[in-house]
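Only this structure's heavy atoms are used, side chains among them; waters, hydrogens and symmetry mates stay out. Note that the coordinates shown come from a computational prediction; the quantities given were computed from them, not determined experimentally. Start at 1 and go down the list; that is how both ligands and their atoms are numbered. Residues take their numbers from the sequence shown, with the count starting at 1.
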Amino acid sequence: MQPVQPDDWGTAARALTPSPGPTTLPATQLAQLVGAGELSAEDVVGAHLRRVAEVGATIHALVQLDSEGALTRAAHLDAERLSGRSLGPLGGVPFVVKDNVDVRAQTTASGSRAHAGVVALRDAPVVTRLLDAGAVLLGRANMDELAMGASTHTSAFGPTRNPWDLRCSPGGSSGGSAAAVAAGLAACSIGTDTGGSIREPASQCGVVGMAPTPGLVPVEGTVPFATDLDRVGPLARTVADTALLLAVMSGRPDLAAAALHPSGLRRLRVGVVDELCGSRNHAGVLARLDVTRSVLAELGVEVVPVSMPDGLAALGAYMTITSAACVPSLEPYVRTGQAGEEVVRRFELGRELCEHGGAELAAAERVRDNLVGQTRDALAACDVLLSPTMPTTAPRLFDETGNRRDIHAEVLADPMTAPYTDCWTVIANLTGLPSLSLPAGRSPEDGMPVGMMLSGRPGADGDLLALAAALEADGLSAR
Ligand code: GLN
């Protein structure tokens with residue numbers, strides 16, 4: 001395992017769009033080609049490792065790289081295939097895990113210096129399942145420290161950059177997982193989502209990201225943040241890839257077919273959530289929402305308005321609830337004196353809330369209860385809720401020369417950027433809905449990716465994937 005150090009700005013001028021080949025192909029296709037012997041697993045892994053060598057340090061999406069382990073495993077898979085054995089649905093597909101996911105004998109640093117000594121004794125169940133399905137682990141992806149943040153800039157290992165524009169944040173906290181897929185460093189990745197940390201970087205990096213129904217994918221072996229809101233889920237280049245990964249990660253093979261046969265699509269009714277689709281969103285994001293609505297109309301999907309009056313109060317309630325919830329798990333790490341500014345801030349806020357914030361906590365729980373009722377009512381009138389994933393595109397965290405902006409003064413003070421980028425995503429976590437972010441083209445304002453969020457009733461993960469697949473197949477992101 002080698003640490004991946006961030007590069008200086010000087011090399012950033014290199015082309016960041018991968019040229020067509022294994023590093024741009026969907027995971028489903030890579031697995032088919034490897035399974036049929038048209039590409040070797042070594043070819044596929046080698047192409048991704050070359051891509052890491054080219055641009056990995058500039059984007060700084062990965063914090064650990066295991067090239068030797070990955071190549072050895074690829075050679076083993078190729079030998080298995082030659083001896084007539086089937087490799088599994090993800091045979092030869094390279095993936096990375098967020099740095100808060102356990103892999104045996106690796107440090108689960110979780111983007112933190114305070115976790116430096118945390119070496120995992122076994123693989124998280126999701127890792128075991130992906131490896132059993134033939135996937136090849138390349139390394140660990142950068143993240144906001146202990147998953148607290150929405151830009152990956154709170155990582156103790158330095159920030160990750162958005163492959164679409166190096167001055168921009170890739171989002172967070174699973175920013176490394178999203179940027180790695182967008183830049184062709186890995187075909188797919190694992191992230192975690194407590195308030196939006198899979199969907200919101202997926203939206204900013206132009207990839208698919210999904211927070212599945214709670215309980216569908218085991219969270220064991222990942223670092224807890226706020227246990228009843230935490231989810232583990234996939235990030236990938238296409239909806240079919242996301243469905244296949246979810247099928248493997250959940251042990252529910254039927255889910256892989258959801259994206260391939262979107263039958264019954266016309267019976268789905270889509271509810272556009274009024275409060276999340278208004279002027280809080282940047283104009284370029286709303287322009288992409290309009291395009292999404294017209295593609296739905298073309299697909300013959302009925303669209304109805306729905307309302308969630310407490311939608312705008314969700315982020316405040318989320319911050320209160322999660323800050324109090326994370327106190328016990330943070331305590332030992334904060335005591336090391338090695339935790340970063342944002343983690344300490346949340347810990348102190350949480351401790352204050354636990355000691356004196358009874359009324360505030362009760363108010364936050366009331367907002368959560370209201371939202372549970374409002375999403376239930378909305379989902380009685382429709383099957384899938386639609387809104388932008390976040391109100392903006394990726395915020396700029398670096399200036400023209402690559403210097404980091406003073407984000408606390410400039411960016412965090414702007415209520416439309418981090419951490420407010422989570423304002424729509426937190427609702428699904430607070431209410432227990434499955435939710436995904438689908439690339440919906442680029443904003444006409446700044447040319448950066450925009451994501452649309454689809455959420456549904458618990459257990460309706462297949463419907464979300466089917467609808468997303470139909471929108472993708474109809475060319476939503478290219479219109
Ligand atoms: N950005 C949100 C936060 O900082 C969500 C994080 C997450 O989903 N892990 O709390």
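- Proximity of Asp422 to ligand 1 is established by a heavy-atom distance of less than 4.0 Å.
- Ligand 1 has an N or O atom lying under 3.5 Å from an N or O atom of Gly149, backbone or side chain.
- Between Glu341 and Arg345, none of the side-chain N atoms (NZ, or NE/NH1/NH2) sits under 4.0 Å from a carboxylate O, so this pair counts as no salt bridge.
- Taking only nitrogen or oxygen atoms, main chain and side chain alike, Tyr318 reaches within less than 3.5 Å of ligand 1.
- Closest heavy-atom approach to atom 4 (O) of ligand 1 within the set Glu342, Arg346, Lys98: this belongs to Arg346.
- If you look at Ser173 next to ligand 1, the close heavy atoms, those under 4.0 Å, all belong to the side chain.
- In this structure the side chain of Phe347 reaches within 4.5 angstrom of the side chain of Val327, judged on heavy atoms.
- Taking a cut-off of under 4.0 Å to the non-hydrogen atoms of Met148, the atoms of ligand 1 that pass are 4 (O).
- Near Gly196, the atoms of ligand 1 lying under 4.0 angstrom from a non-hydrogen atom of the residue are 8 (O).
- Ion pair Asp193/Arg231 not flagged as a salt bridge, since none of the NZ, NE, NH1 or NH2 atoms sits closer than 4.0 Å to an Asp/Glu carboxylate oxygen.
- Put simply, the side chain of Arg167 never gets that close to the backbone of Arg396: no donor and acceptor are under 3.5 Å apart.
- With hydrogens and angles disregarded, a donor-acceptor distance shorter than 3.5 Å links the side chain of Asn162 to the backbone of Gln204.
- Residue contact check: Ala147 has heavy atoms under 4.0 Å from atoms 6 (C), 7 (C), 9 (N) of ligand 1.
- Each of the following atoms of ligand 1 lies closer than 4.0 Å to a heavy atom of Thr194: 7 (C), 8 (O), 9 (N).
- Annotation: Gly195 places an N or O atom under 3.5 Å from an N or O atom of ligand 1; distance criterion only.
- Distance alone, capped at 3.5 Å, is enough to place a donor-acceptor pair between the Glu445 side chain and the Gly284 backbone.
- Looking only at distances, a side-chain donor or acceptor of Thr320 sits under 3.5 Å from a matching main-chain atom of Gly316.
- Side-chain contact check for Ser437 versus Ser203: some heavy-atom pair is nearer than 4.5 Å.
- Of the polar atoms of Phe225, none of the N or O atoms is found under 3.5 Å from an N or O of ligand 1, judged by distance alone.
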